[in-house]
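Just below is one structure, and these are the notes that go with it.
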Amino acid sequence: MNGFDGKTAVVTGAASGIGRASAQRLAAEGANVVVADVDADGGEETVDLIADAGGDATFVEVDVSNLESVERMVDVAVDTYGSLDFAHNNAGILTGFDEVTDIEEDQWDRLLDINLKGVWACLKAELPVMEEQGSGAIVNTASEAGLVGMGGLANYSASKHGVVGLTKTVALEYATRGVRVNAIAPGPTKTNIQSGMAGGSDPSTLPFDTSAMADVPMDRHADPEEMAGAVAFLCSEAASYITGHTLPVDGGQAAD
Ligand code: NAD
């Protein structure tokens with residue numbers, strides 16, 4: 001355990017999946033957590049799960065594609081808990097599998113607005129607070145599709161390559177300003193995004209071969225908690241000399 005007592009974390013996309021697991025993990029390690037999502041019911045459920053486990057969390061409704069909404073989210077974190085030490089910029093969507101010429105303009109715009117502009121908006125709102133404090137650690141959620149091309153995922157892959165580039169660039173800009181900026185690149189993880197691809201079944205019971213990204217050397221899906229462990233590590237003092245890095249958490253996929 002990393003000992004995050006007294007620290008404050010914001011996690012976007014925390015109403016389910018990887019974001020929920022990350023919020024639960026950071027809270028279990030002692031951080032106060034702002035659970036941020038467009039999905040209020042799921043977000044409140046995450047807050048209840050954290051409270052039931054003895055942690056402290058607050059829900060904020062946010063649309064990460066809207067800068068004003070993201071600025072409000074950061075204000076709530078600072079007003080409620082007095083600081084912003086960690087941010088997991090994680091909210092993201094997949095609009096389906098389509099060849100590049102079949103992607104509609106609104107599909108392209110919606111996905112890029114949430115997956116890429118959303119991370120930029122979070123960084124823009126979070127960084128000034130962290131710089132003023134003189135410390136902070138940010139983890140963005142990219143994807144294996146941000147490291148290699150994946151057929152049928154042109155808009156998703158473009159957005160996640162963008163997240164990797166944004167992570168490197170902002171890490172350089174803030175390298176001497178007390179803020180570390182990294183990313184995780186999850187492989188196929190048992191969440192609604194994967195079950196959506198498999199027709200909407202319960203993500204915890206997903207058969208592995210339904211994944212469009214099933215070429216994983218470890219031959220299984222990840223559990224969301226395995227992403228949360230990497231996020232906690234990148235936020236922790238154990239990662240104090242790591243910035244600008246995208247960490248594949250992918251059962252060996254990136255090594256193949
Ligand atoms: P998920 O669908 O369970 O979680 C995504 C969350 O983001 C949801 O709670 C959703 O309500 C929220 N969200 C969507 N649009 C939003 C918006 N505009 N503002 C705020 N919140 C919004 O799926 P997940 O797999 O946990 O996804 C989390 C992240 O992990 C995403 O960025 C996704 O691209 C990435 N990822 C997932 C996988 C996978 O296999 N599950 C693999 C690689 C990367």
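What's counted below: heavy atoms across the whole structure, side chains too, no hydrogens, waters or symmetry copies. First listed ligand is number 1; within each ligand, the first listed atom is number 1. Since we're looking at a predicted model, the values are computed, not measured.
Of all heavy-atom pairs between P186 and M227, the closest is CB-SD, 3.5 Å. When all heavy atoms of L123 and V170 are compared, the pair lying nearest together is CD1-CG2, 4.1 Å.
Contacts between L94 and ligand 1 below 4.0 angstrom, taking non-hydrogen atoms only, are absent altogether. Residue I114 touches ligand 1 through its side chain alone, judged by heavy-atom distances below 4.0 Å.
Short contacts between ligand 1 and N192, defined as distances under 4.0 Å to a heavy atom of the residue, involve ligand atoms 2 (O), 3 (O). The contact set between ligand 1 and I93, taken as ligand atoms under 4.0 Å from a residue heavy atom, comprises 14 (C), 15 (N). Interface of V62 with ligand 1, defined as ligand atoms under 4.0 Å from a residue heavy atom, comprises 19 (N), 20 (C).
Between R20 and E45 there is a salt bridge, with a side-chain nitrogen of the basic residue lying less than 4.0 Å from a carboxylate oxygen of the acidic one.
For S16 and D39, the side-chain atoms include no donor-acceptor pair closer than 3.5 Å.
Not a single heavy atom of T12 sits closer than 4.0 Å to an atom of ligand 1.
For atom 37 (C) of ligand 1, the choice among V70, T189, I18 with the nearest heavy atom turns out to be I18.
When side chains are defined from C-beta on, L153 counts as touching L94, because their heavy atoms get closer than 4.5 Å.
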